[in-house]
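What follows is a set of notes on a single structure, which appears directly below.
Along the sequence shown, residues are numbered consecutively beginning with 1. Note that the coordinates shown come from a computational prediction; the quantities given were computed from them, not determined experimentally.
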Amino acid sequence: MIVGLAVEIIGLQKNYAVSKAFWSRRSTFQALLDINLQINQGEIFGIVGRNGYGKTTLIRCIAGLMAPSQGRVLVYGSDVRGTGRQTRKLTGWVGAEERSFYLRLTARQNLIFFARLQGIADAEAGACLTRLAQRFGCEDSLDRRVHELSTGLRQRFSIIRAMLHDPRLLILDEPTRSLDPFAADDLRRFLTEWLHEDTRRSVVVTSHLLFEIEAMSHRIAIMKKGRIAASGTLQQLRQLLGAGQRVELLVQGTTVGEAMGSGLQAVERLQMDVAGTHTRLTFYRRPDDATLEQVLLDLHRAGQRVLSVNTIELSLQDMIERLEGEALDLVGSEGPAGATDSTSRSQAP
């Protein structure tokens with residue numbers, strides 16, 4: 001285990017036995033295929049990808065809730081299969097669908113019960129959950145029965161339950177799916193503050209809200225059919241995928257194509273749309289290449305008047321679509337094991 005890592009995953013595979021009907025022969029479905037990944041202490045690591053691509057299976061293996069079929073998962077140096085109780089004390093888990101609360105008990109009674117399972121005294125647990133409930137704005141609901149609570153309130157209490165034993169690694173599966181926009185924004189702020197309090201802490205999070213992952217993650221892994229298709233910082237992912245910016249040009253007139261002839265053939269993923277008396281050109285380029293300058297020069301030579309130029313950094317959604325649309329299968333710029341890169345958050349001592 002390298003000093004400064006919260007999680008190290010080596011050759012992880014997870015297989016399921018499946019059958020279409022009870023009388024048919026069972027086959028094997030590979031949910032995870034040869035996952036190699038490193039997650040630093042002191043960082044928020046985002047995992048994204050379409051449904052069924054293995055995100056939840058991966059983080060459940062990290063949390064020790066699911067045993068790998070092959071490979072190892074180390075959490076702060078301890079293998080989750082050999083030291084389950086020890087690693088569970090280091091991790092806090094918040095699932096996408098919360099069903100483990102006892103509905104007829106109050107939120108406070110539930111949380112005290114789960115704190116006891118962690119070996120926390122009632123007085124200590126009571127003080128901690130009161131402080132966290134105040135932080136998440138749900139202290140007025142502590143003594144309501146769980147079946148009376150909205151899904152948003154249940155989700156807040158799920159987060160509080162994961163924090164009661166002061167974990168070093170917080171694992172969140174779609175944590176804001178039941179929260180209103182204000183509560184979701186507050187949670188994202190809280191996670192950043194929580195990391196700053198102790199640089200040994202880390203967060204692993206999945207979400208379908210890609211803007212959320214972009215905004216708060218230090219590094220991101222994009223999953224594709226059970227594999228890590230690409231990983232790194234946003235800037236590294238843009239460079240890895242070969243197109244860091246989308247460029248939009250608005251040109252006067254509708255004869256741009258005729259005037260340019262073959263001059264735009266080398267431009268990557270060029271789209272040309274005529275609207276009224278104008279033509280909109282859209283293409284992709286690397287941030288450090290001269291494609292934009294060359295296109296502007298060619299348009300000027302062809303007598304075309306450019307009305308506006310707009311460059312947009314490639315979004316996470318653009319990158320996922322690019323990975324899937326072009327059938328790319330890449331690993332991050334960190335190397336096959338996902339080693340720390342120079343632009344990621346500094347490691348804790």
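- A cation-pi geometry, defined here as NZ or CZ lying under 6.0 Å from the six-membered ring centre and within 45° of its normal, holds between R161 and F114.
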Give the table of side-chain donor-acceptor pairs shorter than 3.5 Å for residues 9-18, with sequence neighbours excluded, one pair per line with atom names and distance.
{"unit_1": "K14", "atom_1": "NZ", "unit_2": "A67", "atom_2": "O", "d": "2.8"}

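- Judged as a side chain to side chain donor-acceptor pair (under 3.5 Å), the pairs with a partner in residues 121-137 (not counting sequence neighbours) are, in order, R116-D122, R135-D186, R135-E193.
- A salt bridge links D318 with R246: at least one charged nitrogen is closer than 4.0 Å to a carboxylate oxygen.
- Looking only at atom types and distance, the side chain of N40 has no donor-acceptor partner in the side chain of H218 under 3.5 Å away.
- For F136 and F157, the gap between ring centers reaches or exceeds 6.0 Å.
- Counting heavy atoms from C-beta on, the side chains of D185 and R188 come closer than 4.5 Å.
- Surrounding CZ of R72 are at most 12 heavy atoms belonging to other residues, nucleotides or ligands under 6.0 Å away.
- A distance of 9.5 Å separates CD1 in I312 from CD in Q245, rounded to the nearest 0.5 Å.
- A heavy-atom distance below 4.5 Å is found between the side chains of V48 and I320.
- The line from CZ of R201 to CG of D198 is 5.0 Å long, rounded to the nearest 0.5 Å.
- For the salt bridge (charged side-chain N to carboxylate O under 4.0 Å, His left out) test, residues two or more places apart in sequence or in another chain that qualify with D143 are R108.
- Side-chain contact check for W194 versus R189: every heavy-atom pair is 4.5 Å or farther apart.
- When only modelled atom types and interatomic distance are considered, S202 and E43 share no side-chain donor-acceptor pair under 3.5 Å.
- You'll find the side chain of T91 stays beyond 4.5 Å of the side chain of P167, heavy atoms only.
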